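Presented below is the structure to which this report refers.
In this text, all values refer to a predicted model and were calculated from it rather than measured experimentally. Keep in mind that the numbers below use all heavy atoms, side chains included, and drop hydrogens, waters and symmetry copies. Letters A, B, ... mirror the listed sequences (proteins, then strands); counts begin at 1.
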Amino acid sequence: MTPEQLLRDELTKAAIAIGAPASTVPALERPRDPAHGDWASNLAMTLAKPLGRKPRDIATELVAKLDLSAAGVSATEIAGPGFINFRLNAGAHARGLADILAHGAAYGRANTGAGTAVNVEFVSANPTGPLHVGHGRQAALGDAISALLEGAGYRVSREFYYNDAGVQIENLAKSLWVRVAQAAGIDADIPEGGYHGEYIKEIAERYVSEFGTPPHSTLLAGAQAIVAGARPDDATLFEAMRRFAVAALRAEQDLDLKAFGVQFAVYYLESSLYTDGLVEETVGMLRQGGHTFEDDGALWLRTTDFGDDKDRVMRKRDGTFTYFVPDVAYHVTKWRRGFTRAINVQGADHHGTTARVRAGLQALEVGVPKGYPEYVLHQMVTVMRGGEEVKISKRAGSYVTVRDLIDEVGRDAVRYFFLMRKGDSQLVFDVDLARSQSEENPVYYIQMAHARLSGIFRVGEIDPATITADGVQWEALAEDAERELVKSLLDYPRLVAGAAEALEPHRVAAYLLETARQVHLWYHKHHVLGEPEHILRARLVLAKAARQVLANGLALLGITAPERM
RNA sequence: GCGCCAGUAGCUCAGGUGGAUAGAGCAACAGCCUUCUAAGCUGUGGGUCGGGGGUUCGAUUCCCUCCUGGCGCGCCA
């Protein structure tokens, strides 16, 4: 039993003894101010109302009834409006380090998820261009959220949905056609909604070198059709180009993801929803449910019945479906595939679509929960270089790709920078800071803390595996810097559990930075090697535990923990 | 106009789901140090938590309202 559990039990007993309801669960928290002790409870204040007495009187009576010898409490005091503060003796906290060593890489894991299957969908970029910084943020967020959930005992499947059908892909194919035509000396323009990026030119070159230049007349006719807003007549050639472009860009995106170190279990193709008949099936179910209506030549879904702010078109006048129909069909497959939770990581610019997808799923009436899927939306990313914002213009084809960033600052820094802010905040990616090898750079600072701790063992020629908690004199860890560090290390499981529940990896990033700071502080103030035996032993345990926690936290964020730098 | 998100120290941001005197880094100022890793360490100053109301023992946190900024409001995705 940890001191925390013992305290809670004692408080509960005391509360009931003075007449509180049996259901009372006393809150214990870490005071912000260390002067307020190691643990504090507001129990007396919360009981003030039900018992109709003054908080401080209740606190006095509670304290009198507590038996805290087992919890290692050295002092109890009543403070402020009615807080009860507990101060633990030096050894009581440090004893918890044994737990860290015992669990090792598993320290911080929990089983709240109990094996529940969760689908985490992220990136899901259309194959119409390289991954940009927004996708990078999603990749980092999605991967870290997945890791957090795995650590909380969920069975996680990372999934990438890719849209290989629809208008955007059509425009991509047209853009490629135009570039191929241009390469053949034809004067042609990229159509409205087309893609201007240099990468299309490169794909055009590769296409030509692989398949040769198509007949001049065919290209010209096609280019003219494209300008007029139509499709080239040569459907076979057009389809070949479409497939070539999609394959080329998918390959590029795979390289981006590989460079980033993200692995997806499933790539789900939008086109398969059509070929497998799931789109038709979904439409049929929606019509049967009676939530659809026809108007102005289109088929609508009455999503307003399920909380959307306006009804949505399902089938356009031209007979094709709007994107949201396959989207609903896709989420039905998630549900049918046994994912009781589905989490979608997306840019906040997609926030308008969340209500309608949920509404569509509700309209099916197949038992999907109301809040399904869950959304983690993130705000925009701006990139700063040399103190200036790097302008991102997709239309002009000039934007910073994920690969650019990784090449420039390294994978670890990219991941950390994308994760250090909460998703709700806009994120400024300072390239110069990310690449700097100084303590101002948070990634470097955290990794350095890990490397320094590793260095102690290396220099001392001590195999960390031989360090155990057996027979350690915990009271030897009595310095302020060590007590604070110990407390942080013991807070790790609670922190990670909170981050997993809230789907907020930035909490881990902030925690690591703070803990690294405490490590550096301790490291500067106190030596390990060369100290008297009992201090040496205790500090080696602390060093090993701190190193473990840093490594575990970094692993959650997908960042390496170097032994030396 | 409507919806979502944000507004916290000069700057960049934290504030485990209502707690005590609101924190960290950078910058500024004063001093110290050069040791298991590379400029670190100690201290100081700095705030009407966007404004105004409310809820209660207690609000940066919850509610209402206004202001400012970003994003969205397609038979595009």
Side-chain angles (χ1 to χ4, degrees), chain A residues 27 29-33 35-36 40-42 44-46 48-49 54-55 79-83 85 124-126 128 163 165-169 171 193 270 295-300 309-310 312-324 326-327 347-355 375 377-380 382 384 420-428 430 433 437-442 444-445 448 451-460 462 491 494-499 501-502 504 506-507 509-511 513-514 517 520-521 523-531 539 543 564-565:
Chain A
E29 59 188 21
R30 286 267 197 230
R32 267 199 287 238
D33 187 346
H36 293 141
S41 178
N42 62 359
M45 279 131 79
T46 57
K49 202 161 204 179
K54 287 183 191 158
F83 287 100
N85 294 339
S124 293
N126 289 344
T128 55
N163 181 315
V167 180
Q168 296 196 0
I169 298 300
N171 287 333
E270 184 190 15
D295 184 44
D296 203 15
L299 179 67
W300 295 67
D309 55 356
K310 56 178 85 163
R312 304 293 171 176
V313 170
M314 296 169 61
R315 200 186 54 226
K316 295 180 258 181
R317 234 179 315 182
D318 68 7
T320 63
F321 293 108
T322 57
Y323 73 94
F324 123 84
D327 219 9
D349 54 340
H350 285 72
H351 115 266
T353 70
T354 63
Y375 286 91
L377 302 180
H378 67 84
Q379 298 292 324
M380 301 290 104
T382 52
M384 299 284 285
M420 67 183 179
R421 303 287 177 241
K422 112 181 105 182
D424 289 337
S425 304
Q426 292 183 29
L427 185 140
V428 179
D430 184 336
L433 178 60
Q437 302 252 309
S438 77
E439 328 256 329
E440 289 167 43
N441 182 346
Y444 185 85
Y445 189 74
M448 186 59 139
R452 276 182 159 167
L453 294 169
S454 304
I456 294 172
F457 293 94
R458 188 174 56 248
V459 171
I462 298 163
D491 279 342
R494 161 196 304 245
L495 178 282
V496 169
E501 195 195 328
E504 291 185 346
H506 79 276
R507 295 190 194 183
Y511 169 86
L513 189 58
E514 172 61 20
R517 201 176 68 82
H520 286 300
L521 254 161
Y523 180 91
H524 275 286
K525 268 190 167 155
H526 309 292
H527 268 235
V528 176
L529 303 178
E531 295 294 309
R539 287 191 178 160
R564 60 201 308 170
M565 296 179 72

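Across the protein-nucleic acid pair, A:Arg312 atom CZ and B:G72 atom P stand 15 Å apart, rounded to whole Å. Counting to the nearest Å, the P atom of B:U56 and the NZ atom of A:Lys54 are 21 Å from each other. The NE2 atom of A:His351 sits 15 Å away from the P atom of B:C2 (whole-angstrom rounding). For A:Arg452 and B:A38, the CZ to C1' distance is 8 Å, given to the nearest whole Å. Note: CE (A:Met380) to P (B:A6) measures 14 Å, nearest angstrom. Distance A:Phe324 CZ to B:G72 C1': 17 Å, rounded to the nearest Å.
The base of B:G3 is not paired with the side chain of A:Asp309 by any donor and acceptor separated by under 3.5 Å. Checked by distance alone, A:Asp296 brings a side-chain donor or acceptor within 3.5 Å of a matching partner on the base of B:C75.
For the atom pair CD of A:Gln379 and CG of A:Leu427, the computed distance is 10.5 Å after rounding to the nearest 0.5 Å.
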Completion exercise
5' to 3', nucleotides 9-17 of chain B under a 4.0 Å protein heavy-atom cut-off (B base, S sugar-phosphate only, - none) gives ---SSSSBB
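Residue A:Ala451 is classed as a base contact, given a heavy-atom separation below 4.0 Å to a base. At the heavy-atom level, A:Leu521 lies under 4.0 Å from the strands shown only through sugar-phosphate atoms. Using a 4.0 Å heavy-atom criterion, one finds that A:Arg517 contacts the sugar-phosphate atoms exclusively. Across all strands shown, A:Val313 has heavy atoms under 4.0 Å from base atoms, whether or not it also approaches the sugar-phosphate. Using a 4.0 Å heavy-atom distance criterion, A:Ala48 is classed as making no nucleic acid contact. Among the protein residues, A:Gly460 comes within range of no part of the nucleic acid, since none of its heavy atoms lies under 4.0 Å from any strand. If you check every strand for non-hydrogen atoms under 4.0 Å, A:His526 touches a base. Counting non-hydrogen atoms under 4.0 angstrom, A:Tyr445 reaches nothing in the nucleic acid.
Spacing of P atoms, B:A22 relative to B:C64, comes out at 27 Å, to the nearest Å. B:G46 and B:C71 are spaced 37 Å apart, taking the P atom of each and rounding to whole Å. B:U65 and B:A28 have their P atoms separated by 44 Å, with the value rounded to a whole Å. Rounded to whole Å, the separation between the C1' atoms of B:A27 and B:G19 comes to 32 Å. Spacing between B:G54 and B:G58 at atom C1', rounded to whole Å, works out to 15 Å. Look at the C1' atom in both B:A14 and B:C26: the space between them is 14 Å, to the nearest Å.
Taking the side chain of A:Lys49 as heavy atoms from C-beta on, and the options B:C57, B:U37, B:C75, the nearest nucleotide is B:C57. For A:Asn126, the side-chain atoms get nearest to B:A77 when compared with the rest of B:A77, B:C41, B:G19. Of the listed nucleotides (B:C36, B:A20, B:C76), B:C36 has the atom at the smallest distance from the side chain of A:His527. The listed nucleotides are B:C36, B:A77, B:G72; the one nearest the side chain of A:Asp349 is B:G72. Each of B:A20, B:C5, B:U37 was ranked by its minimum atom distance to the side chain of A:Asn85; first place goes to B:A20. Which of B:C75, B:C36, B:G19 sits closest to the side chain of A:Thr46 comes down to B:G19. When distances are taken from the side chain of A:Ala79 to each of B:C36, B:C75, B:A20, the shortest belongs to B:A20. Counting only heavy atoms from C-beta on, A:His524 has its side chain closest to B:G40 among B:G40, B:C36, B:C76. Closest contact between the side chain of A:Phe83 and the listed nucleotides B:C73, B:A77, B:G19 involves B:G19. Of the candidates B:U37, B:G3, B:C75, B:U37 carries the atom nearest the A:Met448 side chain, counting heavy atoms from C-beta on.
Listed pair A:Lys310 / B:C2 fails the phosphate criterion, with no side-chain N or O lying under 4.0 Å from OP1 or OP2.
Pair check for B:G10 finds B:C26; Watson-Crick or G-U wobble, both atom distances under 3.5 Å. Across the strands present, B:U48 finds no partner; the criterion is a Watson-Crick or G-U wobble pair with both atom distances under 3.5 angstrom. When Watson-Crick and G-U wobble pairs are counted only if both distances are under 3.5 Å, B:C33 pairs with no nucleotide at all. With both pairing distances under 3.5 Å, B:A77 is matched to nothing as a Watson-Crick or G-U wobble pair.
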Handout entry: ring pair (Phe, Tyr, Trp, His ring centres under 6.0 Å) between A:His520 and A:Tyr445, worked out
Key = CA-CA 9 Å; A:His520 286 300; A:Tyr445 189 74; 4.4 Å; yes
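Regarding the sugar-base torsion, B:G16 falls in the syn class, its angle being within 90° of 0. In this entry the base of B:U35 is anti relative to its sugar, with a glycosidic angle more than 90° from 0.
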